[in-house]
Engineer: 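Have a look at this one.
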Amino acid sequence: MEKRKFQGNDEDEPPAKRGHVKISPSQQEADDLELSQLNDISVLGTDADHGIIDKIYLKNFMCHGKLEFTFGPNVNFVVGRNGSGKSAIMTALVVGLGGKASVTNRGSALKSFIKEGRSVAEVSIILRNQGTDAYRHDLYGSSIRVERRLTADGSSSYKLKSAKGQVVSTKREELSRILDQFNIQVDNPVAILNQDTSRNFLFSKDPRDKYKVSRKAILYHIFQSGGNVFSFLTS
């Protein structure tokens, strides 16, 4: 008897044989693990509810007379020609959240950030303050507005306002507690990496330069002071 040949078309293929597949306990555990990971991914895919920078407002800061910038919920790209003020936004974030001028690598004193011909500069940053890890939500509400004012004599002052615009505090210590709660580290190169620091790290032939950046990134100064790095990172 001539054998029947099956070629090409699915309709001509013989029906698949039915069989029973035994799943081992280890394979079942692996499948359960994959499902649990999918659940984690779905949670991570939602917007964060605290410590997110929603908006920044600049007045007479570096090259900007007035600038209001609203950040999107995901990755943000600031594009523009050379000298248009892209780096000024990054500098303002550092300075506005209490950073020193030396951290920015853009100036030696805070007064150098004041726009030429002006005597005062202002930086205002709105931080999201929602969810279970919100900071003093009963006082600040759903957002915290951090305002820093720079003057030509080199001094600066803070105002920490609630979502309703009420001044809650003017203390630098209160800002430090807010940043600790949200784990915002403006002087950590892993969090904020400016052009000069990245250039020195990549092209320096001196291993000590790379070591200095690594020390900052792993919070080595907390080890030296006897602090608990794990507690600091999870606070």
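Counting begins at 1 with the first residue of the sequence. Values in this document were obtained by computation on a predicted structure and should not be read as measured data.
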Engineer: Taking all non-hydrogen atoms of both residues, which atom of Arg128 and which atom of Phe182 are closest, and how far apart?
Structural biologist: O-CZ, 3.8 Å

Engineer: Ignoring hydrogens and geometry, is there a side-chain-to-backbone donor-acceptor pair from Asn129 to Ala134 under 3.5 Å?
Structural biologist: no

Engineer: Classify the side-chain pair Arg145/Ser124 by whether it contains a donor and acceptor separated by less than 3.5 Å.
Structural biologist: yes

Engineer: State, without any angle test, whether Gln185 and Asp187 hold a side-chain donor-acceptor pair at a distance under 3.5 Å.
Structural biologist: no

Engineer: Measure from the side-chain N and O atoms of Thr91 to the backbone N and O of Ser87, and report whether any donor-acceptor pair falls under 3.5 Å.
Structural biologist: yes

Engineer: Taking a hydrophobic cluster as the set of Ile, Leu, Val, Met, Phe, Trp and Tyr residues connected by side-chain heavy atoms closer than 4.5 Å, whether directly or through intermediates, do Leu58 and Phe71 fall within one such cluster?
Structural biologist: yes

Engineer: Parallel, tilted or perpendicular for Phe61 and Phe113, by the 30°/60° rule?
Structural biologist: parallel

Engineer: For the residue pair Val95 and Leu150, establish whether any side-chain heavy-atom pair is separated by less than 4.5 Å.
Structural biologist: yes

Engineer: Which atom pair, heavy atoms only, marks the closest approach of Ala101 to Ser108?
Structural biologist: CB-C, 3.9 Å

Engineer: Do Arg148 and Ser156 pair up side chain to side chain, a donor and an acceptor below 3.5 Å, judged on atom types alone?
Structural biologist: yes

Engineer: Mind listing the closest non-hydrogen atom pair of Lys115 and Cys63 along with its distance?
Structural biologist: NZ-O, 3.3 Å

Engineer: Is it true that a side-chain atom of Asn76 and a backbone atom of Asn74 form a donor plus acceptor pair closer than 3.5 Å?
Structural biologist: yes

Engineer: Can you give me the closest heavy-atom contact between Tyr158 and Leu175, atom names plus distance?
Structural biologist: CE2-CD2, 3.6 Å

Engineer: Could you check whether any side-chain N or O of His64 sits under 3.5 Å from a backbone N or O of Gly85, counting only pairs where one atom can act as donor and the other as acceptor?
Structural biologist: yes

Engineer: Are the side chains of Leu97 and Ile125 in touch, meaning some heavy atoms are under 4.5 Å apart?
Structural biologist: yes

Engineer: Crowded around Lys86 NZ? As in, over 12 foreign heavy atoms under 6.0 Å?
Structural biologist: yes

Engineer: Quick check: closest heavy atoms across Ile114 and Ala121, and the distance to 0.1 Å?
Structural biologist: CG1-CB, 3.9 Å

Engineer: Any heavy-atom pair between the side chains of Glu173 and Arg177 that's under 4.5 Å?
Structural biologist: yes

Engineer: Against Glu122, only a single residue in Arg149, Lys59, Lys159 fulfils side-chain hydrogen bond (donor to acceptor under 3.5 Å, both in side chains); can you say which?
Structural biologist: Arg149

Engineer: Examine the side chains of Tyr140 and Gln166 and answer whether a donor and an acceptor come within less than 3.5 Å of each other.
Structural biologist: no

Engineer: Which atom pair, heavy atoms only, marks the closest approach of Thr151 to Lys111?
Structural biologist: O-CB, 3.9 Å

Engineer: Is there a path of hydrophobic side-chain contacts, each under 4.5 Å between heavy atoms, that joins Val146 and Ile126?
Structural biologist: no

Engineer: Counting C-beta onward and ignoring hydrogens, is there a side-chain heavy-atom pair between Ile178 and Ile144 closer than 4.5 Å?
Structural biologist: yes

Engineer: Would you say Val78 and Phe69 make side-chain contact, with heavy atoms under 4.5 Å?
Structural biologist: yes

Engineer: With a 4.5 Å cut-off on side-chain heavy atoms, are Leu127 and Ile53 touching?
Structural biologist: yes

Engineer: Check whether any side-chain heavy atom of Arg136 lies under 4.5 Å from a side-chain heavy atom of Asp138, and answer yes or no.
Structural biologist: yes

Engineer: With distance as the sole test, does Ser176 use its side chain to make a donor-acceptor pair with the main-chain N or O of Arg172 at under 3.5 Å?
Structural biologist: yes

Engineer: Less than 4.5 Å apart, any side-chain heavy atom of Leu67 and any of Ile89?
Structural biologist: yes

Engineer: If Ile, Leu, Val, Met, Phe, Trp and Tyr residues are connected whenever their side-chain heavy atoms lie under 4.5 Å apart, and connections chain through other members, are Tyr57 and Ile52 in the same group?
Structural biologist: no

Engineer: Count I, L, V, M, F, W, Y as connected when their side-chain heavy atoms are under 4.5 Å apart, and connections chain through other members. Are Leu110 and Met62 then in the same cluster?
Structural biologist: yes

